[in-house]
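Quick one: the structure is below, and I'll ask about it shortly.
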Amino acid sequence: MSKETGRTLKGGEPKQLPIYPHKNKLVQAVRHNPFLIVTGETGSGKTTQLPQYLYQAGYCKDGKVGVTQPRRVAAITVAQRVAQEMKCTLGREVGYQVRFDDCTSQDTVVKYMTDGCLLREVLADPSLSQYSVVILDEVHERSLNTDILLGLLKNVFCNSAGATKGRSFPLKVVVMSATLETDKLSAFFNDCPVFEIPGRVFPVTCTFGSAVGPKDVESSFYVKEVVKVALDVHTSEQAGDILVFLTGQSEIEHACDLLFDKAENIDYRYDVLDRTVEGILILPLYGSMPTDQQRQIFQPPPPGIRKCVVATNIAATSLTINGIKYIVDSGFVKQLNHNSRVGMDVLEVVPISKSEAQQRAGRAGRTSAGKCFRIYTKEFWEKCMPEYTVPEIQRTSLTAVILTLKCLGVHDVIRFPYLDCPEERFILEALKQLYQFDAIDRRGKVTKLGELMVEFPLHPGLTRALLKAASLGCEDLLLPVAAMLSVENIFFRPGHPDKQKEAAKKHRALAATTGSMNDFATLLSVFNSCKSSDRPSAWCKENWIHWRALKSAFSVETQLREILLRLQQRRDFPVETFDGNKSELFRRCLCAGYFTNVARRSVGKVFCTMDGHGSMVHIHPSSSLFEQEAEVNWVIFHDVLVTSKMFIRTACPIRYEWVKDLLPKLHEVDVYELSSVARQEVTEDEMVKWESREAAKRQQEGSAEDALKKLEKRNNEATVSDARARYLQRKQQRQQSKAL
DNA sequence: GAGCACTGC
């Protein structure tokens, strides 16, 4: 790379990028429209060039040009690249901001950031008065934060009384996306113009398989199939690396084992078509893999060796591997879906969408023409795969997002301009939870507590527990726990069965040191033990803990502590006192945030949730409660995982008395009231009527415990969750196919 | 007696 000119950059000189001929027209389009949509595939140069064009056109005189990305690495690397092109020091005129890393200064006029960072900025300054242009990039990915920003930015213009005040000059909004659903985006922004830039990608030819049809959803079946196809590609195609898409760690390790076994028997003198290929290098790739192992993926293979990477969806957007010429697509992905019927999140394997399949195929055409082998049939494509992936906002718990909107003064959260509306019951469920946490009142207004809660980048329940602890002066118990629960899983699970046993043994020993069969206490103990250790990374290795995850828990804890310290300066920060032992204090704080996640022993080893859904759940075997559960009748838990059963993980025993007064709150809100609250149409009259109706209901139901018993009885008779039903259906299919 | 995709503040 030539330092004098800064021109010979990876990916081509700026003047040779497809966007360059459109420079003047683009700047004009921004000048004449409050909203503009710019589409173009990867490689058009829109992310790096447009902000520079706007800078040259004088858009940085009154304010900044802000560009959002859904991911941290993207924000950082693009900023580095643009700083280089503009020949300035990163952090001066061109900078970036992501969580834990603010590389901007007074001079920064072109700012790259994650969409979450911009959302936090909106919270502090709703009119975005520092910006002259806001560019939302990668909008087609439809991240939760991007979708919220879309609605907020639309509001800036449509509510003249709203956020436009406080601005001395108009804000420009540019939305950048791959060529998908651009009509919908344009319609959303009052039929604004769409600017199309041709991309610069190579053609990828796709073929369908003959084996995996609509009924072949069993993992071991499609794993075998991708292995077969990958070996076929290896022996019969020209040189070039292979990328295989599967859904998770265990599948990937299984596939790699199979590939390795079969590849050993290939005779490269006769069996391989392209004689320059003399071997295959098989590499797994998934998010929880140690970073140094991940790094191997990016190294070019030795001469004559073909690289075959077997990866999760992480290789679809987050990581780009050079030299990939062939894709083998299983057609499945593991996705976290929120099920509002049972009020919990479900991790399940589902078919990918057609647009996601095209995205996967595109990974073969980055440097030359490529081929994509889909193992599923055309019928599977047509019958099982939706056109587009359901956007995150429609399949995720909205509790935190709704609180954010409320704090931004968006009271009517149902009629907020969503590009795709979440189901009303998702919104109502979020409102109900916020009401239960005392974050909003019966009129839907944010409470003082809610204003404190929105400051924390955490799930509201966890924030509630943390604030309770802070008011009791024992935040040191909850800060580490909140941090540990908001980073990726810290317990390392190795691939080999022997090692798995060893790891499980160590993890059980860690739990035993607390002597309390409380999984939250185990997290606290791991955090503190590691932090006070002389060699923390060695300590992690020894105890089969993910050092990377724990390190990020350390930074999260620091950040949470800073936020808390700032809020405790406020005069109205709540203060309470408590007499009792430490273990009870700890668990009482947890109850304040997790009383929506209470379960009671029902029959034998089965527990029944007390959240109004009454789902039947099991203690996960990784929990310290698993073996001693006979002594325990009431528990609170952090989350539910639906696999072979509905499992609750990270749990601890509690006393009924601690939640007795909170539980009725779970049942006192009805949907009628909630939808009125959502629209803020509740009149005093309606409120009085509602109150008396509720009072009558309470009288009828008798004590809280009676009501719960009734609820439990009803649930024992009926409810089976959607996810459970799907699982049973799948199991049945599997048994049928085995019988045949 | 089971087994957890990927982001982000």
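None of these values were measured; they are calculated from a predicted model. Chain identifiers are assigned alphabetically (A, B, ...) following the order of the sequence lines, protein sequences preceding nucleic acid strands; residue numbering begins at 1 within each chain.
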Using whole Å, what does the distance between atom C1' of nucleotide dC6(B) and atom CG of N313(A) come to?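 So the two atoms are 7 Å apart, to the nearest Å.
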
To the nearest angstrom, the CG-P distance between D519(A) and dA2(B) comes to 17 Å

K354(A) atom NZ, neighbour heavy-atom count above 12 within 6.0 Å: yes

Before accepting this row, confirm whether a basic side-chain N of the pair R142(A)/D147(A) lies closer than 4.0 Å to the acidic partner's carboxylate O.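 Yes, charged N to carboxylate O under 4.0 Å.
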
What's the CD1-C1' distance between I393(A) and dT7(B), to the nearest Å?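 Computing the I393(A):CD1 to dT7(B):C1' distance gives 15 Å.
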
Can you tell me which nucleotide in dA5(B), dG1(B), dC9(B) comes closest to the side chain of C117(A)?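 Nearest nucleotide to the side chain: dC9(B).
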
Quick note, F626(A) side chain, CB onward, closest among dC6(B), dG1(B), dT7(B) is dG1(B)

Output the single nucleotide from dT7(B), dC4(B), dC9(B) whose closest atom is nearest the side chain of R493(A).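 So the side chain of R493(A) is nearest to dC4(B).
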
Residues E451(A), K406(A): salt bridge by 4.0 Å N-O rule: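 So E451(A) does not pair with K406(A) through a salt bridge.
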
Nucleotide of dC9(B), dG1(B), dC4(B) approaching P457(A) most closely (side-chain heavy atoms): dC9(B)

Between dC9(B) atom C1' and D102(A) atom CG, what is the distance in whole Å?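 So the CG-C1' distance, D102(A) to dC9(B), works out to 14 Å.
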
For N313(A) and E356(A): C-alpha separation, side-chain torsions, deciding distance, then whether side-chain hydrogen bond (donor to acceptor under 3.5 Å, both in side chains) applies. CA-CA 10 Å; N313(A) 238 19; E356(A) 210 173 342; 2.8 Å; yes

Given dA5(B), dA2(B), dC9(B), which nucleotide is nearest the side-chain atoms of F647(A)?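 Of the options given, the side chain of F647(A) lies nearest dA2(B).
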
Between E475(A) and R561(A), is the closest basic N to carboxylate O distance under 4.0 Å? no

Taking CD from Q249(A) and P from dC6(B), how many angstroms apart are they, rounded to a whole number?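 Going from Q249(A) (CD) to dC6(B) (P), I get 9 Å.
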
Integer-rounded Å distance: dC9(B) P and L119(A) CG: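 L119(A) atom CG is separated from dC9(B) atom P by 11 Å.
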
Measure from the side-chain heavy atoms of I314(A) and tell me the nearest of dC9(B), dC4(B), dC6(B).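 Of dC9(B), dC4(B), dC6(B), dC6(B) is nearest to the side chain of I314(A).
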
Any side-chain N or O of T114(A) below 4.0 angstrom from OP1/OP2 of dC9(B)? yes

Looking at dT7(B), I'd like to know if its phosphate oxygens (OP1 or OP2) sit under 4.0 Å from a side-chain N or O belonging to S143(A).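 Answer is no, no contact under 4.0 Å.
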
Does Y112(A) form a side-chain hydrogen bond (donor to acceptor under 3.5 Å, both in side chains) with Q97(A)? I'd like the steps, not just the answer. CA-CA 6 Å; Y112(A) 288 88; Q97(A) 188 186 353; over 6 Å; no

What is the distance, to the nearest angstrom, from the NE2 atom on H507(A) to the P atom on dA2(B)?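 Distance check: H507(A) NE2 to dA2(B) P gives 19 Å.
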
Hey, which of these two, S486(A) or L336(A), hits DNA chain B nearer its 5' end, going by closest nucleotide?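 Looking at the nearest nucleotide for each, L336(A) comes out on the 5' side.
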
Which of these nucleotides, dG8(B), dC6(B), dC9(B), is closest to any side-chain atom of Y286(A)?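 Output: dC6(B).
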
So which one's nearest nucleotide on DNA chain B is more toward 5', E392(A) or S250(A)?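 Upstream on the strand: S250(A).
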
Does R72(A) put a side-chain nitrogen or oxygen below 4.0 Å from OP1 or OP2 of dC9(B)? yes

Round to a whole Å and report the spacing from CH2 of W544(A) to P of dC4(B). 19 Å

Would you classify R120(A) as touching base, sugar-phosphate or nothing, given that sugar-phosphate means primed atoms plus P, OP1 and OP2, and contacts are heavy atoms under 4.0 Å? base

Please pick, from dC9(B), dC4(B), dT7(B), the nucleotide with the shortest atom-to-atom distance to any side-chain atom of R71(A).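 Nearest to the side chain of R71(A) among the choices is dT7(B).
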
Is the base of dC4(B) touched by the side chain of N489(A) through a donor-acceptor pair closer than 3.5 angstrom?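 Indeed, a donor on one side and an acceptor on the other fall under 3.5 Å apart.
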
